[in-house]
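Single-structure report; data block below.
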Amino acid sequence: MLNILEIGATVFGLIQGVLVMFNKRSNWIAYVIQMLFLVLFSLKANLYGDVVNNFIYLILGVIGFILWNKKDDNDIKVCSIKERIIYLSIITLLTLIGYLILRNTNDPLPLLDAFTTTSSFVATYYMMTKKIDTWIIWFVNDIFYAIEYFILPEQALYLFGLNIIWTIMAVVSYINWNKIMKENERNEN
């Protein structure tokens, strides 16, 4: 059962990754389907932080789909220094809180689970609001997710591979979004 859920999450994750890399609104549909698979996978693997994380993503996926339809706020932007300090502080604080909660469960990797959960929320928020910093956060997050899935007692090799691919895609997405952002700036001038 874990294998089927893992493969489904991997396939829809790849589809979503390609679509978002090219700034396509339809990425959110694949995103929601992927989250359905990941909720079930994480539940079976006792990754409770990820269960909560992925369930909330179902909701965020719908919100992302709606937000990306707004024509008046469709430009990609850069986070300010203040925003960066805020998101780094949020990731640090919520990772600590998450770890303190998860270490009292049978979660096999409470610190990694807390970090990937927290940084995923922050990255998703910035993806929904089209901030290019999302790809920096996703890059770091995907590396740690790859580690998490590789060192799980029951390795999740498809999801490990997916996160390796996503790490590369985060770099390509940053480059593509930066190009789109600069083209939009030129068109405004």
Side-chain angles (χ1 to χ4, degrees), residues 3 5-39 41-42 45 47 49-50 53-54 56-65 67-69 74-79 83-84 87-88 91 95 109 112-113 115-152 155-184:
N3 232 6
L5 297 171
E6 184 182 353
I7 291 168
T10 302
V11 168
F12 282 97
L14 287 171
I15 293 168
Q16 187 271 336
V18 170
L19 292 171
V20 74
M21 183 171 27
F22 293 104
N23 201 28
K24 301 292 181 190
R25 180 178 183 231
S26 56
N27 89 82
W28 293 105
I29 296 167
Y31 185 88
V32 168
I33 295 169
Q34 179 201 17
M35 290 308 121
L36 288 170
F37 280 104
L38 281 176
V39 164
F41 173 86
S42 299
L47 293 170
D50 284 348
N53 189 19
N54 295 323
I56 292 170
Y57 283 150
L58 288 171
I59 297 163
L60 294 178
V62 173
I63 294 169
F65 185 78
L67 287 177
W68 276 40
N69 193 37
N74 209 20
D75 290 340
I76 298 166
K77 298 173 184 79
V78 177
C79 287
E83 285 176 298
R84 288 181 180 150
Y87 75 65
L88 289 172
I91 290 171
T95 295
L109 304 166
L112 270 175
D113 196 4
F115 173 75
T116 54
T117 298
T118 299
S119 58
S120 293
F121 281 131
V122 173
T124 299
Y125 170 77
Y126 284 113
M127 191 168 71
M128 287 171 33
T129 58
K130 290 197 171 187
K131 298 283 183 126
I132 198 165
D133 293 60
T134 190
W135 300 116
I136 298 165
I137 302 166
W138 278 125
F139 176 80
V140 172
N141 178 273
D142 292 335
I143 290 170
F144 281 99
Y145 256 125
I147 292 167
E148 178 180 20
Y149 288 130
F150 187 76
I151 65 175
L152 270 176
Q155 287 181 324
L157 294 179
Y158 291 109
L159 291 174
F160 164 77
L162 175 62
N163 280 277
I164 296 296
I165 292 168
W166 274 348
T167 301
I168 296 163
M169 291 175 83
V171 173
V172 175
S173 295
Y174 181 89
I175 293 167
N176 283 345
W177 277 36
N178 194 44
K179 180 181 171 188
I180 292 166
M181 185 175 62
K182 288 183 180 184
E183 286 174 8
N184 287 344

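Remember, predicted model here, so these are calculated numbers, not experimental data.
Counting only heavy atoms from C-beta outward, the side chains of N178 and I175 never approach each other to under 4.5 Å. Between M127 and W135 there is a side-chain heavy-atom pair separated by less than 4.5 Å. By the 4.5 Å heavy-atom criterion applied to side chains, I165 and T10 are not counted as neighbours. N27 places a side-chain heavy atom less than 4.5 Å from the side chain of W68. N163 is not listed as a side-chain neighbour of F150, based on a closest heavy-atom distance of 4.5 Å or more. Counting heavy atoms from C-beta outward, I56 and T124 have side chains that stay 4.5 Å or more apart. Inter-residue side-chain proximity for E83 and V78 is flagged as unmet; no heavy-atom pair is nearer than 4.5 Å. When side chains are defined from C-beta on, Y149 does not count as touching L157, because their heavy atoms never get closer than 4.5 Å.
Distance check: D75 CG to K131 NZ gives 11.5 Å after rounding to the nearest 0.5 Å. Here F65 contributes atom CZ and I29 contributes atom CD1; the two are 4.5 Å apart, rounded to the nearest 0.5 Å. Rounding to the nearest 0.5 angstrom, the gap separating the OH atom in Y174 from the OG1 atom in T134 is 12.0 Å. Summarising the geometry, atom CZ belonging to F115 is positioned 10.5 Å from atom CD belonging to E148; distances are rounded to the nearest 0.5 Å. From I137, atom CD1 reaches atom SG of C79 across 6.5 Å, with rounding to the nearest 0.5 Å. Interatomic distance, F144 CZ to T117 OG1, rounded to the nearest 0.5 Å: 13.5 Å.
A side-chain hydrogen bond (donor to acceptor under 3.5 Å, both in side chains) with D133 is found for exactly one of W177, Y87, Y126, namely Y87. Just one residue in the list F12, W28, Y31 forms a ring-ring contact (aromatic ring centres under 6.0 Å, His included) with Y57, and that residue is Y31.
Taking each heavy atom of M169 and V18 in turn, the nearest pair found is CE-N, 3.1 Å. A123 and W138 make their closest contact through CB-CE2, 3.3 Å (heavy atoms, listed as atom of the first residue, atom of the second, distance). Closest of all the heavy-atom pairs between L162 and G13 is CD1-C, 4.1 Å. Shown here for N184 and I76, the closest heavy-atom pair between the two residues is ND2-N, 4.5 Å. Of all the heavy atoms in N141 and S119, the pair that sits closest is ND2-OG, 2.6 Å. Considering every non-hydrogen atom in both N176 and M21, the closest pair reads ND2-CG, 3.4 Å.
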Step-by-step side chain to side chain contact (heavy atoms under 4.5 Å, CB included) determination, N54 to F41: CA-CA 10 Å; N54 295 323; F41 173 86; over 6 Å; no
Q34 vs I15, side chain to side chain contact (heavy atoms under 4.5 Å, CB included): CA-CA, chis, key distance, verdict: CA-CA 9 Å; Q34 179 201 17; I15 293 168; over 6 Å; no
Residue pair F121, Y125: steps toward the ring pair (Phe, Tyr, Trp, His ring centres under 6.0 Å) verdict: CA-CA 6 Å; F121 281 131; Y125 170 77; over 10 Å; no
Side chain to side chain contact (heavy atoms under 4.5 Å, CB included) between V62 and I59, intermediate numbers included: CA-CA 5 Å; V62 173; I59 297 163; 6.0 Å; no
Evaluation steps, side chain to side chain contact (heavy atoms under 4.5 Å, CB included), between V32 and Q16: CA-CA 9 Å; V32 168; Q16 187 271 336; over 6 Å; no
